[in-house]
Amino acid sequence: MTKPRLKLATCSLAGCFGCHMSILDLDERLIELFEHVTLDRSPLTDIKILGPCDIGIIEGGVANAENVHVLMEFRARCKVLVAMGACAINGGVPALRNQFDLKECLEESYLHGIALVDAQIPNDPEIPLLLDRVRPLHEVVKVDYFLPGCPPSADAIWTFINELLAGQPVALPYQQLHYD
Amino acid sequence: MSQEQSFTLDGQPVSFEDGQSIMVAARAAGIYIPHLCFNPEFKAHGSCRVCLTKVNGRIQASCATPAAAGQTVESETEELRDIRCGILQMMFVEGNHICPACEKSGACQLQAVAYYVGMLEPHYPHFYPRRTVDASHPDAVIDFNRCILCELCVRASRDVDGKNVFAVHGRGIHAHLVINTPSGRLGATTFSITDKAAQVCPTGTILIKHRGYESPIGRRLYDRQPVDVAGDVAQVPESQGGRRHD
């Protein structure tokens with residue numbers, strides 16, 4: 001009689017993994033969570049290939065070509081896509097670089113930075129190309145739900161997941177709604 | 001004229017005196033209508049549009065609409081919440097509001113009003129405008145990325161401080177805050193952090209130096225109470241996490 005568990009995938013694009021730390025902050029509630037969901041691709045499982053999923057939760061904004069690829073893959077394979085945290089929602093701290101041209105950013109880091117030896121801008125084909133600007137997820141794909149916070153607290157994540165799994169509209173209590 | 005006059009706000013009778021706006025009368029009655037450019041110490045400006053209410057079926061800015069006997073005013077409805085949310089979303093995408101990197105976060109009225117209406121996301125594509133930060137003044141920083149053009153600093157500097165330090169230049173989407181000096185730098189003005197203009201900013205545009213992150217997260221003004229309870233940041237004394245000089 002047990003209900004089949006929903007498939008959940010998570011990933012971090014241009015983020016700091018702080019939102020994933022907040023997921024871990026669920027502590028013992030993770031045990032209850034895994035009675036309802038099973039993890040697919042996620043930094044918590046180390047599964048690399050994304051299968052068809054019910055819910056995809058994405059931390060971080062879109063800063064490079066690989067981010068775009070992963071985000072589009074999540075959108076294609078997840079029924080419900082969630083933007084978690086400030087970076088996924090408005091670009092966050094990485095979007096501070098949008099004040100400058102990409103060339104200026106690269107030169108500042110790799111040519112004019114402190115203590116550089118043989119200064120050069122990295123150009124290895126394995127390094128994903130940077131986008132001209134950091135973008136939030138909803139400017140690249142359709143996003144179904146937004147969970148703000150930097151990071152959202154474990155309590156906010158717990159409220160959100162419970163409302164989502166119960167099919168209720170998402171509404172966070174005042175103490176759990178933060179943009180920082 | 002001594003006869004008591006009243007209108008109804010969300011079905012509740014609110015009395016008013018001649019010349020009062022719907023906003024002022026509602027505040028006197030202890031009813032919160034979300035707002036940003038309104039400050040009770042200044043003449044209504046009507047620019048932020050967050051205080052929109054439905055007056056006899058027509059949507060109007062409550063700070064700029066005179067109260068009249070028998071008016072039927074709606075404020076806390078789903079329709080108005082959605083409109084206010086849309087206006088706030090446009091403010092957020094029009095500037096660069098990176099809350100995790102802002103000293104005003106937690107005591108920011110823009111943020112607090114967005115929490116009040118339950119804004120979860122910006123909805124619109126971001127402009128990411130390129131604006132400057134002016135740290136030329138020894139005691140204050142002005143970060144133009146966060147300006148919402150409420151003109152409270154313009155009004156305070158002109159009408160209270162008598163210094164006329166700030167102005168808005170340009171029209172429409174090109175409107176932006178400027179400093180009234182040939183160099184355009186705050187450091188070249190007589191601006192002082194004891195000025196009224198230093199106390200009225202509802203966002204993190206005008207910041208006092210050497211005082212960042214004084215209140216820990218969880219104890220900041222709007223961490224403790226929502227804006228409808230805590231009040232405007234410009235009205236709350238500094239000792240209680242606001243910006244008003246004690």
Side-chain angles (χ1 to χ4, degrees), chain A residues 15-16 18-19 61-63 81-102 104 131-140 142-153 155-156 159-160 163-164 169-180, chain B residues 78 81 85 88-89 91-133 143-146 203-204 213 215-220 222-230:
Chain A
C16 71
C19 296
V62 184
L81 197 65
V82 182
M84 173 172 62
C87 304
I89 290 173
N90 67 16
V93 171
L96 288 170
R97 82 152 155 96
N98 293 350
Q99 291 293 304
F100 307 93
D101 289 335
L102 181 57
E104 288 176 273
L131 304 184
D132 65 336
R133 283 182 163 194
V134 178
R135 297 280 178 191
L137 306 189
H138 75 274
E139 292 186 24
V140 182
K142 169 150 182 8
V143 174
D144 301 300
Y145 291 94
F146 298 84
L147 175 56
C150 186
S153 65
D155 288 344
T159 303
F160 175 84
E163 287 171 341
L164 185 67
V170 171
L172 298 172
Y174 183 76
Q175 296 298 335
Q176 294 176 16
L177 175 55
H178 280 283
Y179 303 154
D180 63 357
Chain B
E78 190 67 22
R81 192 211 74 91
C85 189
L88 289 159
Q89 286 168 326
M91 285 184 194
F92 271 90
V93 300
E94 190 188 64
N96 293 303
H97 299 279
I98 311 290
C99 297
C102 179
E103 288 178 21
K104 192 74 172 286
S105 193
C108 168
Q109 202 170 325
L110 174 65
Q111 197 184 52
V113 173
Y115 292 161
Y116 179 82
V117 303
M119 187 188 114
L120 294 178
E121 39 92 24
H123 184 79
Y124 300 105
H126 287 73
F127 284 27
Y128 294 125
R130 292 193 177 177
R131 299 194 196 152
T132 53
V133 177
D143 186 337
F144 295 101
N145 290 291
R146 302 163 183 164
T203 74
Y213 306 108
S215 303
I217 290 173
R219 299 226 301 268
R220 302 167 304 184
Y222 298 121
D223 290 338
R224 304 191 304 257
Q225 288 176 315
V227 65
D228 58 319
V229 181

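Quick caveat, the model's predicted, so the values are computed rather than measured. All chains are named by letter (A, B, ...) in the order of the sequence lines, taking the proteins before the strands, and each is independently numbered beginning at 1.
Ranking A:Phe100, A:Tyr179, A:Phe146 against chain B, the residue ahead of the rest is A:Tyr179, based on heavy-atom pairs under 4.5 Å. Taking chain B as the reference chain and counting heavy-atom pairs below 4.5 Å, the highest number among A:Glu139, A:Gln99, A:His178 is found for A:Gln99. Ranking A:Ile89, A:Val170, A:Leu172 against chain B, the residue ahead of the rest is A:Ile89, based on heavy-atom pairs under 4.5 Å. Contact count versus chain A (heavy atoms, under 4.5 Å) is highest, among B:Pro122, B:Cys102, B:Gly218, B:Pro129, for B:Pro122. The most heavy-atom pairs under 4.5 Å with chain B, out of A:Ala83, A:Gly92, A:Gly149, A:Gly91, come from A:Gly92.
A donor-acceptor contact shorter than 3.5 Å is absent between the side chain of A:Asp180 and the backbone of A:Cys150. In terms of modelled atom types and a separation under 3.5 Å, the side chain of A:Glu104 and the main chain of A:Asp101 share a donor-acceptor contact.
Using a 4.5 Å cut-off between heavy atoms, B:Tyr116 makes no contact with chain A at all. Contacts between B:Asn145 and chain A at a heavy-atom distance below 4.5 Å involve the side chain alone, from C-beta outward. Only the backbone of A:Val134 comes within contact range of chain B, judged by heavy atoms closer than 4.5 Å. Within the 4.5 angstrom heavy-atom criterion, atoms from both the backbone and the side chain of B:Leu120 approach chain A. Only the side chain of A:Tyr174 comes within contact range of chain B, with at least one heavy atom under 4.5 Å from a heavy atom of that chain.
Here the CZ-CE distance, from A:Phe160 to A:Met84, works out to 9.5 Å after rounding to the nearest 0.5 Å.
Open room surrounds CZ on B:Arg219; 12 or fewer heavy atoms of other groups in view lie less than 6.0 Å from it.
Using a 4.5 Å heavy-atom threshold, the side chains of A:Leu164 and A:Tyr145 count as touching.
Between B:Asp143 and B:Lys104 there is no salt bridge, since none of the side-chain N atoms of the basic residue sits less than 4.0 Å from a carboxylate O of the acidic one.
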Run B:Phe92 and B:Tyr124 through ring pair (Phe, Tyr, Trp, His ring centres under 6.0 Å) and show every step you take.
CA-CA 9 Å; B:Phe92 271 90; B:Tyr124 300 105; over 10 Å; no
